[in-house]
Amino acid sequence: MLWVVNAGSCNFWYDKWLGSGALCLKATVNPTLSFKDFLTNGEWNGAILRQYIPQELIPLILRHPVSNGDC
């Protein structure tokens, strides 16, 4: 499955990009963080994900490749 960030216009917490519902239903929302805050050099940053996302959700997130395009 391919999902896209759309130059940051997708909302990390509230859009249903994960495929199993919005993250806001499963994790504590930090409104100061967006997709770009969880990426390093165009790839997921596992260390940062572990700081803010429940452990059981991280494998679901890591399965989604990061690319540009529509949300």
Side-chain angles (χ1 to χ4, degrees):
M1 178 194 292
L2 178 66
W3 66 270
V4 292
V5 176
N6 195 22
S9 67
C10 281
N11 189 291
F12 182 78
W13 302 105
Y14 296 103
D15 286 339
K16 297 176 185 175
W17 62 270
L18 193 54
S20 61
L23 276 175
C24 66
L25 302 174
K26 301 170 184 173
T28 302
V29 173
N30 183 328
T32 64
L33 300 175
S34 66
F35 273 107
K36 65 178 176 56
D37 298 302
F38 293 95
L39 303 174
T40 301
N41 297 323
E43 301 290 332
W44 289 115
N45 184 318
I48 295 173
L49 285 169
R50 286 189 291 279
Q51 290 179 21
Y52 297 97
I53 304 298
Q55 186 64 35
E56 65 272 10
L57 297 178
I58 293 173
L60 298 173
I61 293 171
L62 294 176
R63 280 188 237 158
H64 291 279
V66 179
S67 67
N68 293 319
D70 294 328
C71 191

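Here the structure is a predicted model, which is why all the values come from computation and not from measurement.
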Chemist: Using side chain to side chain donor-acceptor pair (under 3.5 Å) as the criterion, list what pairs up with Thr28, not counting sequence neighbours.
Modeler: none
Chemist: To check you understand the geometry: which heavy-atom pair defines the closest contact between Thr32 and Asn30, and what is its length?
Modeler: OG1-OD1, 2.5 Å
Chemist: Provide the closest heavy-atom pair for Leu23 versus Trp17 in the form atom of the first, atom of the second, distance.
Modeler: CD1-CZ2, 3.7 Å
Chemist: What's the shortest heavy-atom distance between Val29 and Pro31, and which atoms?
Modeler: O-CD, 3.6 Å
Chemist: With sequence neighbours left out, what residues match Lys16 under side chain to side chain donor-acceptor pair (under 3.5 Å)?
Modeler: none
Chemist: Which pair of non-hydrogen atoms, one from Cys24 and one from Tyr14, has the smallest distance, and what is that distance?
Modeler: SG-CD2, 3.4 Å
Chemist: List the atom pairs, donor and acceptor, that lie under 3.5 Å between side-chain atoms in residues 49-62 and the rest of the protein, sequence neighbours left out.
Modeler:
residue : atom : partner : partner atom : Å
Arg50   : NH1  : Gly46   : O            : 3.3

Chemist: Using 30° and 60° as the class boundaries, would you call the ring planes of Phe38 and Trp13 parallel, tilted or perpendicular?
Modeler: perpendicular
